[in-house]
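Residue numbering restarts at 1 for every chain, and letters A, B, ... go by the order of the sequence lines. Worth knowing before you read on, the calculation uses all heavy atoms, side chains too, and leaves out hydrogens, waters and symmetry mates.
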2 protein chains.
Amino acid sequence: MTRPARVSPDRILAAAALEFSERGYAGARVDRIARRAKVNKAMLYYHFSSKQGLYRTLLRQTFGAVAIDLERIAVSGLAPADMLDQAIAALATFIATHTYFPSIMLREVADGGLHLDADTLGALASVPTAFGAILEPGIRQGVFRPMHPVAAYFTTIAPILMFVASTPVRKQLSRRRLMPAAVPLLTPETFLEDLTESLQRAFAAPVTT
Amino acid sequence: MTRPARVSPDRILAAAALEFSERGYAGARVDRIARRAKVNKAMLYYHFSSKQGLYRTLLRQTFGAVAIDLERIAVSGLAPADMLDQAIAALATFIATHTYFPSIMLREVADGGLHLDADTLGALASVPTAFGAILEPGIRQGVFRPMHPVAAYFTTIAPILMFVASTPVRKQLSRRRLMPAAVPLLTPETFLEDLTESLQRAFAAPVTT
DNA sequence: GTCTATACCCTGATAGAC
DNA sequence: GTCTATCAGGGTATAGAC
């Protein structure tokens with residue numbers, strides 16, 4: 001039984017996740033990733049061959065993991081409304097355990113997939129595909145109204161990603177008192193409740209009595 | 001009457017908008033902005049003093065312009081549901097005439113406002129503030145359900161930004177056939193209709209007969 | 001206001017010993 | 001697998017003539 005020494009590649013990936021999420025692909029510095037991972041740069045190149053290679057590996061793994069979480073829900077056999085609740089909760093949980101995910105996703109969308117190869121793009125595509133599979137039974141059964149799955153996907157995931165990723169900006173705005181004093185603080189919990197409620201209503205088919 | 005020669009600063013801003021939206025702050029190259037604006041680099045530095053200064057000027061103007069469009073709707077005196085329709089349409093129109101806006105907004109959120117000064121952050125904050133003013137009468141009158149304005153803001157604007165900004169990625173996915181063949185193409189028009197419908201239902205107060 | 005040439009730093013990547 | 005030293009290229013910014 002070979003016990004592969006994965007510890008250093010894994011530490012590099014973890015450090016890269018932080019750095020890429022904070023600075024984006026172009027803003028990320030290989031030196032900083034190496035320092036954060038407590039490896040020297042040569043080690044990093046030994047394992048991932050280039051900044052781009054490291055980036056792609058990280059994104060492929062991350063997108064793949066999100067898709068798997070969603071696919072589990074799609075085949076759970078739950079009622080449509082419960083599946084939607086679960087999907088939102090799964091995204092929130094994934095983000096809570098992979099805090100780097102929202103900003104990386106947002107940036108990659110803004111970058112137009114510039115740094116991605118076919119494999120990584122495929123992993124990226126598997127996320128909306130899985131989400132579509134979650135909604136499909138509800139639409140087919142007439143519990144959800146007919147919607148384009150991709151439209152529903154963006155309507156669901158975009159607010160979550162943007163809300164979480166915007167935490168630092170919102171903190172700055174509140175610290176500098178740039179938002180109206182009347183606006184109360186918005187916690188992640190309140191936001192998720194609000195959003196879940198919104199999406200359930202948004203997707204529900206009109207009652208035809 | 002002095003006729004200020006604004007032509008070259010304006011061309012530089014237009015070129016910067018393109019470059020920053022395609023590559024982000026860190027990925028943008030001053031050389032490329034100058035070349036795109038058909039000015040030489042020294043001219044650019046003469047007008048904006050630094051890459052950061054140029055970036056902040058662009059963002060301050062852009063965020064300010066969006067906020068003004070929304071503020072007009074907030075004071076229009078329309079019915080709450082019509083104001084919401086108008087707000088979504090205004091965002092769509094602004095994006096159609098300022099195609100660089102979505103990716104810049106997405107990236108800035110991901111960057112945590114790192115490159116912004118107080119003025120620019122203030123302009124950024126004026127967007128959700130204006131959106132909150134649009135929803136407030138509806139909530140007060142009981143036409144919309146009680147929601148946190150910032151939650152409603154993200155629920156509305158995030159899908160629009162992400163859908164538009166994702167056009168290049170979605171094109172790539174469809175060109176490389178990485179989405180299930182069953183998923184039809186999603187046009188901006190269909191998306192906006194779907195989203196408008198979704199948000200009206202999401203925000204409407206439950207009917208209490 | 002406009003341009004050319006250039007300083008100077010930083011960054012991704014590698015060579016080569018161990 | 002791990003490390004030190006280093007290079008080559010490209011990046012922001014400025015000097016200084018017109």
Can you measure [X] atom [atom1] to [N] atom [atom2] for me and round it to whole angstrom units?
X     : N      : atom1 : atom2 : result
A/L44 : D/dC3  : CG    : P     : 12 Å
A/I12 : D/dG1  : CD1   : P     : 11 Å
B/M43 : C/dT2  : CE    : P     : 4 Å
A/D10 : D/dG1  : CG    : P     : 12 Å
A/Y46 : D/dC3  : OH    : C1'   : 13 Å
A/R35 : D/dC3  : CZ    : P     : 15 Å
B/R23 : D/dG10 : CZ    : P     : 14 Å

Table of protein N/O atoms under 3.5 Å from nucleotides 11-14 of chain D N/O atoms:
residue, atom, partner, partner atom, Å
D/dG11, OP1, B/R29, NE, 2.7
D/dT12, OP1, B/A28, O, 3.2
D/dT12, OP1, B/V30, N, 3.4
D/dT12, OP1, B/K51, NZ, 3.3
D/dT12, OP2, B/V30, N, 3.3
D/dA13, OP2, B/Y45, OH, 3.0
D/dA13, OP2, B/K51, N, 2.9
D/dA13, N6, B/K41, NZ, 2.8

Show me the side-chain donor-acceptor pairs of residues 152-169 of chain B shorter than 3.5 Å, one per line, residues at least two apart or across chains.
residue, atom, partner, partner atom, Å
B/T155, OG1, B/A151, O, 2.7
B/T156, OG1, B/A152, O, 2.8
B/S166, OG, B/M162, O, 2.9
B/S166, OG, B/F163, O, 2.8
B/S166, OG, B/R170, NE, 2.8
B/T167, OG1, B/V164, O, 2.6
B/T167, OG1, B/R170, NH2, 3.2

* Are A/Y100 and A/F20 close enough that their ring centers fall under 6.0 Å? ->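 No, too far apart.
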
Pair up each side-chain donor or acceptor in residues 126-134 of chain B with any protein partner under 3.5 Å, not counting sequence neighbours, and list the distances.
residue, atom, partner, partner atom, Å
B/S126, OG, B/A123, O, 2.5
B/T129, OG1, B/A125, O, 2.9

* Taking only residues at least two apart or on different chains, which pairs with a member in residues 182-201 of chain A satisfy salt bridge (charged side-chain N to carboxylate O under 4.0 Å, His left out)? ->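 Output for this query lists A/E197-A/R201.
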
* Asked: Taking only N and O in the side chain of B/S8, is any of them less than 4.0 Å away from OP1 or OP2 of C/dG1?
  ->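 For C/dG1, neither OP1 nor OP2 has a side-chain N or O of B/S8 closer than 4.0 Å.
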
* To do: Tell me whether the OP1 or OP2 atom of C/dT2 has a side-chain N or O from B/N40 closer than 4.0 Å.
  =>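 No, outside the criterion.
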
* What residues, two or more places apart in sequence or in another chain, satisfy ring-ring contact (aromatic ring centres under 6.0 Å, His included) together with A/F63? ->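 For A/F63, no residue satisfies ring-ring contact (aromatic ring centres under 6.0 Å, His included) once neighbours in sequence are set aside.
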
* Asked: What residues form a side chain to side chain contact (heavy atoms under 4.5 Å, CB included) with B/Y45, not counting sequence neighbours?
  ->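 Listed in chain order: B/V30, B/K41.
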
